[in-house]
Student: 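What follows is a single structure, and I will ask about it in a moment.
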Amino acid sequence: MVYTVTLNPALDYILRLPYVGSEDINRAETAQILYGGKGINVSLVLSRLGVDNVALGFAAGFTGNELERLLHEDGYKTDFVHTKEGITRINVKIFAQEQFDVNAPGPNVTEEDVEALYEKLDKLTEGDVLILSGAIPPNVPSNTYEEILKRLEGRGIRFVVDAEGEILLKALAYKPFLIKPNHHEISAIFNDDVKKTDDEKIVKYAKELQKMGAVNVLVSRGGAGATLVDENGDVFTLGVYPGGPCVNNVGCGDSMVGGFVAGYERKQDYDYAFRLGSSAGNATAYCDGIAQGEAIEEIYNNYFSEQSM
């Protein structure tokens, strides 16, 4: 079984209008409420590609109940810890002449809440996959990922970590099966200006991360595509799907993680996993929200299955 962890999930309130200004009242043309949070996004892609999974994390108050209701209504599995204080956050995403994102804080998470999450994770067994995705919010202990990895180390569980900075670096000691930094995060880790087009530096630093403990390193590179350095030392690079202008940059990296894990679960083949992950990331870039499985498979079949690397 695959499990995702989202420590600070959200309801995303998405407003679309031609222009936002301070001169008058801004009136949206459309409004949507979608479930959000990096691990939630990964779960959606996994499910849409036919991989059974359970979304774990914290939910609180009436917004947490609505988040869970919406996920269950659409057929997704959850096993959240329901905290007693606060509410699950509502993030506002405004698409106008530019994209504006306003992310709210999450609920207060107590020691008892964290322990309840640990107890759920203690049930994982050999062969399971655990995906830790996103930043650790201020209301959750900063060493939570490290504690999870420490508790589950040595059980034959494959760890996937998509996090930044010190959180990612501390996870490397537990030899995660996959990490997914982007080129900006690699720049910050190694104190170097790594541009998205700099193949040599991206491969060099991916291999450094392997020396530090990562088994496979998948680097997302925005408009330059992505690069995978796998555990065998093989290097794969793919560009982006030439499908027109990007309409959505929310969840593309999460979709790539979900697609990669789904591909590896299907075939245990890194080439295929990378191609399916790239297809998922690109599909989401052309969708309102996280891409459906049909869109991902279509881009894979029509472009990435034959794209040379």
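What you see is a predicted model; the values in this text were computed from it and never measured.
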Student: So do Leu130 and Leu124 actually touch side chain to side chain, heavy atoms under 4.5 Å?
Tutor: yes
Student: Answer whether the closest heavy-atom distance between the side chains of Leu132 and Ile148 falls below 4.5 Å.
Tutor: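 Leu132 reaches Ile148 side chain to side chain.
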Student: Hey, mind stepping through Arg48 and Tyr76 against side-chain hydrogen bond (donor to acceptor under 3.5 Å, both in side chains) and telling me if it holds?
Tutor: CA-CA 10 Å; Arg48 291 170 183 179; Tyr76 303 111; 2.8 Å; yes
Student: Are side-chain N/O atoms of Asn53 and Ser43 paired as donor and acceptor at under 3.5 Å?
Tutor: yes
Student: Might you point out which heavy atoms bring Lys195 and His183 nearest each other, and give the distance in Å?
Tutor: C-CD2, 4.0 Å
Student: Flag the pair Leu218 / Met256 as yes when at least one side-chain heavy-atom distance between them is below 4.5 Å, and no otherwise.
Tutor: yes
Student: Atom CG of Leu276 and atom CD1 of Ile296: how far apart are they, to the nearest 0.5 Å?
Tutor: 7.0 Å
Student: Do Asp52 and Lys77 sit within salt-bridge range, that is, some charged N less than 4.0 Å from a carboxylate O?
Tutor: yes
Student: Go through the steps to decide whether Phe274 and Phe236 satisfy the test side-chain contact (heavy atoms from CB on, under 4.5 Å), and finish with yes or no.
Tutor: CA-CA 8 Å; Phe274 181 47; Phe236 306 94; 3.5 Å; yes
Student: If you round to the nearest 0.5 Å, how far is CG of Leu238 from CG of Leu228?
Tutor: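 If we round to the nearest 0.5 Å, Leu228:CG and Leu238:CG are 9.5 Å apart.
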Student: Over all heavy atoms of both residues, which pair between Gly57 and Leu117 is shortest? Give the atoms and the distance, please.
Tutor: N-CD1, 4.3 Å
Student: Going by atom types alone, do Thr227 and Arg221 pair a side-chain donor with an acceptor below 3.5 Å?
Tutor: yes
Student: Please determine if Asp122 and Lys120 form a salt bridge, counting it only when a charged side-chain N lies under 4.0 Å from a carboxylate O.
Tutor: no
Student: Give a yes/no verdict on a cation-pi contact between Arg275 and Phe304, requiring under 6.0 Å between NZ or CZ and the six-membered ring centre and an angle within 45° of the axis.
Tutor: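 Judged by the rule (NZ or CZ under 6.0 Å from the ring centre, within 45° of its axis), Arg275 is not positioned above Phe304.
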Student: Okay, side chain of Asn26, backbone of Gly21: is any donor-acceptor separation there less than 3.5 Å?
Tutor: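 Checked: pair present.
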Student: When rounded to the nearest 0.5 angstrom, what distance separates OG1 in Thr4 from CG in Leu46?
Tutor: 7.5 Å
Student: Strictly below 4.0 Å, N to O, side chains only: are Glu147 and Lys150 in salt-bridge contact?
Tutor: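 Looking at Lys150 together with Glu147, the answer is yes, because their closest N to O distance falls below 4.0 Å.
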Student: Going through the distances and angles, do Tyr303 and Asn282 end up as a side-chain hydrogen bond (donor to acceptor under 3.5 Å, both in side chains)?
Tutor: CA-CA 11 Å; Tyr303 189 74; Asn282 277 267; over 6 Å; no
Student: Minimum heavy-atom separation for Ala10 to Leu67, with atom names?
Tutor: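 That closest heavy-atom pairing would be O-CD1, 3.6 Å.
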Student: Would you mind reporting whether Leu71 and Leu44 have side-chain heavy atoms less than 4.5 Å apart?
Tutor: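 Yes, close enough: below the 4.5 Å cut-off.
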Student: Between Leu121 and Val5, is there a side-chain heavy-atom distance shorter than 4.5 Å?
Tutor: yes
Student: With ring pair (Phe, Tyr, Trp, His ring centres under 6.0 Å) as the criterion, how do Tyr272 and Tyr300 come out once you've worked through the C-alpha distance, each side chain's angles and the decisive distance to 0.1 Å?
Tutor: CA-CA 10 Å; Tyr272 175 73; Tyr300 173 81; 5.5 Å; yes
Student: Side-chain contact, heavy-atom cut-off 4.5 Å: Glu208 with Phe190?
Tutor: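 They are in contact (side-chain heavy atoms under 4.5 Å apart), so the answer is yes.
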Student: Atom NZ in Lys204, atom CD in Glu200: separation rounded to 0.5 Å?
Tutor: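 Answer for the NZ-CD pair, Lys204 versus Glu200, is 8.0 Å.
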Student: Take Ile131 and Tyr3, measure what side-chain contact (heavy atoms from CB on, under 4.5 Å) needs, and give me the verdict at the end.
Tutor: CA-CA 6 Å; Ile131 302 172; Tyr3 298 85; over 6 Å; no
Student: What's the shortest heavy-atom distance between Pro107 and Ala60, and which atoms?
Tutor: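 Looking at all heavy atoms of both residues, the shortest contact is CB-CB, 3.5 Å.
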Student: Restricting to non-hydrogen atoms, name the atom on Leu15 and the atom on Ala31 that form the minimum distance, rounded to 0.1 Å.
Tutor: CD2-CB, 3.7 Å
Student: Compare every heavy atom of Gly64 with every heavy atom of Thr88, then report the nearest pair and how far apart it is.
Tutor: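 Answer, listing the atom of Thr88 first, then Gly64: OG1-CA, 3.3 Å.
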Student: Could you check, using the six-membered ring where one of them is a Trp, whether Tyr264 and Phe177 have ring centers closer than 6.0 angstrom?
Tutor: yes
Student: Pairing donors with acceptors under 3.5 angstrom, does anything connect the side chains of Lys180 and Ser220?
Tutor: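 Ser220 and Lys180 do have a side-chain donor-acceptor pair below 3.5 Å.
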Student: For residues Asp128 and Arg158, determine if any side-chain heavy atom of one lies less than 4.5 Å from a side-chain heavy atom of the other.
Tutor: no
Student: How many angstroms lie between atom OG of Ser142 and atom NZ of Lys170, to the nearest 0.5 angstrom?
Tutor: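 NZ of Lys170 is found 6.0 Å from OG of Ser142.
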Student: Using only heavy-atom distances, determine whether the side chains of Glu231 and Tyr270 contain a donor-acceptor pair under 3.5 Å.
Tutor: yes
Student: Distance alone, cut at 3.5 Å: any donor-acceptor contact between the side chains of Lys93 and Asn103?
Tutor: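 Yes, a side-chain donor-acceptor pair sits under 3.5 Å.
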Student: Do Arg266 and Glu297 pass the salt bridge (Lys or Arg N to Asp or Glu O under 4.0 Å) test, and can you show the C-alpha distance, the side-chain angles, and the key distance before you say yes or no?
Tutor: CA-CA 13 Å; Arg266 284 180 182 177; Glu297 300 285 7; 2.7 Å; yes
Student: Measure from the side-chain N and O atoms of Asp12 to the backbone N and O of Tyr35, and report whether any donor-acceptor pair falls under 3.5 Å.
Tutor: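 Flag not set: sc Asp12 to bb Tyr35 has no pair under 3.5 Å.
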Student: Report the distance from atom CD1 of Ile40 to atom CG of Leu56, rounding to the nearest 0.5 Å.
Tutor: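 These two atoms lie 9.0 Å from each other.
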Student: Determine whether Glu146 and Asn143 make a side-chain contact, defined as any pair of heavy atoms from C-beta on separated by less than 4.5 Å.
Tutor: yes
Student: Are the side chain of Asp269 and the backbone of Asp271 linked by a donor-acceptor contact shorter than 3.5 Å?
Tutor: yes
Student: Step by step, work out the side-chain hydrogen bond (donor to acceptor under 3.5 Å, both in side chains) result for Glu68 and His82.
Tutor: CA-CA 10 Å; Glu68 195 163 46; His82 285 266; 2.8 Å; yes
Student: Backbone N or O of Asp113 within a donor-acceptor pair of the Thr110 side chain at under 3.5 Å?
Tutor: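 Here the side-chain-to-backbone pair exists.
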